[in-house]
Amino acid sequence: MHADERRRFGEAMMLHLDAAYNLARWLTRNDHAAEDVVQDAYCRALKYFRGFRGGESRPWLLRIVRRAAYDWLAKAKFTAKTTQFQDERHGWSVAGNPEEQLLRQSDAQAIRAAINQLPEAFREVTVLRDLEGLSYQQIAEVIDAPIGTVMSRLHRARSQLQQKLLTMAHRED
Amino acid sequence: MNCLEARPLLDALVDGELPTEQAQLVQTHLVHCPACEQHAALLHTLLARLADDSLYQHAPVSLPGRVEAALDAPPPPSFLYYDLSPRMVCIICSVLVLLSAGVWWAMQPDDNPRHKLSLAQQSLHAHQQAFQANRTTDFESSNAQAIHQWIKQKTSYVVSVKDLADKGYHLRGVRLEKTSKNTVPVVVYALDGQNIELYLWPIQCSSSLDSCHSPAYGVQLAGWADGEGFTRWAVSTLPQQRIDDFAQNAAKK
């Protein structure tokens with residue numbers, strides 16, 4: 001690889017190391033694995049960098065990180081927990097003030113546990129949107145799915161998160 | 001817009017991802033629907049909790065150095081890149097050794113006279129079948145170069161075809177015989193109105209000139225290896241001496 005290309009890669013991609021690690025860590029739920037995945041993803045990204053035609057580098061890199069993370073999960077045989085998508089409409093529970101209060105009181109540890117319990121497909125959109133702040137369009141590029149799928153997964157992910165947090169809060173009471 | 005339509009859009013509304021017209025419709029619904037309004041409030045609360053910076057997993061301090069080192073490291077050998085298990089490596093090595101042995105064995109000249117005679121028997125059998133089917137040539141030509149090209153096109157064999165017209169052997173054409181293991185071009189010559197079929201077996205045998213005859217079928221054979229990787233058997237109802245003469249002329253370099 002040309003030294004100039006290597007330098008440009010460093011300038012464009014090393015800025016997103018935190019984002020790469022954040023996504024890898026949430027997907028693998030393992031510190032060491034996340035570091036391995038990020039290293040692997042950066043090596044892959046360098047290989048494909050010649051095909052990168054500018055534009056937004058963070059979604060481009062996160063897409064590779066996501067792929068590397070899923071490869072790691074498959075290798076570690078964690079895929080037995082394959083997400084079962086349920087298309088049925090979730091029941092609308094009307095949340096009153098007490099529930100909002102309980103949700104407000106949820107500490108970071110409870111939220112972390114609730115996110116970790118989400119199926120991978122829901123966890124990744126939550127991380128990409130609510131922790132990384134990516135637009136729906138960018139998320140669609142990262143997960144290689146239409147925007148409608150992003151919307152529907154986010155909606156279900158957040159509904160499940162609310163339910164889990166409220167269940168945890170009730171249990172503590 | 002009713003609740004069933006509005007609820008799935010609340011997330012996109014809160015995220016500012018709804019087109020203006022659709023956002024206005026949802027907002028109008030929220031003004032008149034306390035239940036959905038409460039849902040939106042709950043969603044806002046959840047998003048505020050998710051904004052907690054402690055949820056963000058920052059890269060360890062050592063990671064940038066590790067990644068930079070990996071990027072600057074020479075690429076690993078492709079063999080190791082696939083992280084093969086020792087068992088898989090053993091299996092691959094065994095297969096490679098067996099394949100190499102097979103290729104080496106196949107390239108060895110076959111000096112066993114019995115193998116050469118077996119080719120004679122197969123030539124005889126093919127000759128008999130072609131005779132019964134009244135099949136002489138697939139491609140008629142008296143041009144040696146044209147026959148050479150035809151064989152090359154049909155079988156990818158590069159095999160010399162001699163024009164022996166000056167010796168009285170006139171080329172008539174060529175056909176292909178297919179056995180379970182080989183595709184065998186058969187070049188057909190004519191001498192005094194009688195055919196001589198020359199079977200070109202893509203198998204290397206001993207180079208000596210051998211003759212034999214089959215009283216049951218009334219045919220004579222003469223065979224030799226041509227040094228090009230082929231064993232040639234001439235088959236004809238002509239007398240043995242004339243077949244041997246043909247073989248000697250055809251085998252001349």
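All values below were derived from every heavy atom in this structure, side-chain atoms included, with hydrogens, water molecules and symmetry-related copies excluded. Residue numbering restarts at 1 for every chain, and letters A, B, ... go by the order of the sequence lines.
Here the closest heavy-atom approach between residue B/S62 and residue A/E35 is recorded as OG-OE1, 4.5 Å. In plain terms, the two heavy atoms of A/R6 and B/L71 that are nearest each other are NH2-CB, 3.7 Å. The two atoms that bring A/I111 and B/R49 nearest to each other are CD1-CB, 3.4 Å, heavy atoms only. Between B/L55 and A/W26, the shortest heavy-atom distance links the atoms O-CZ2, 3.3 Å.
Between chain B and the residues A/L154, A/I147, A/D18, the largest count of heavy-atom pairs under 4.5 Å involves A/D18.
Using a 4.5 Å cut-off between heavy atoms, B/L10 does not touch chain A at all. In this structure, the portions of B/D15 lying under 4.5 Å from any heavy atom of chain A include both its backbone and its side chain. For A/A19, the parts lying under 4.5 angstrom from a heavy atom of chain B are both the backbone and the side chain.
Taking the side chain as every heavy atom from C-beta outward, B/E68 and A/Y42 never approach each other to under 4.5 Å. No side-chain heavy atom of A/R129 sits under 4.5 Å from any side-chain heavy atom of B/D11.
Within the 3.5 Å criterion, the main-chain N or O of B/S54 finds a donor-acceptor partner in the side chain of A/R112. B/E17 places a side-chain N or O within donor-acceptor distance of the main-chain N or O of A/Y136, the cut-off being under 3.5 Å. Although no hydrogens or angles enter the test, the distance criterion places a donor-acceptor pair under 3.5 Å between the side chain of A/N22 and the main chain of B/Q57.
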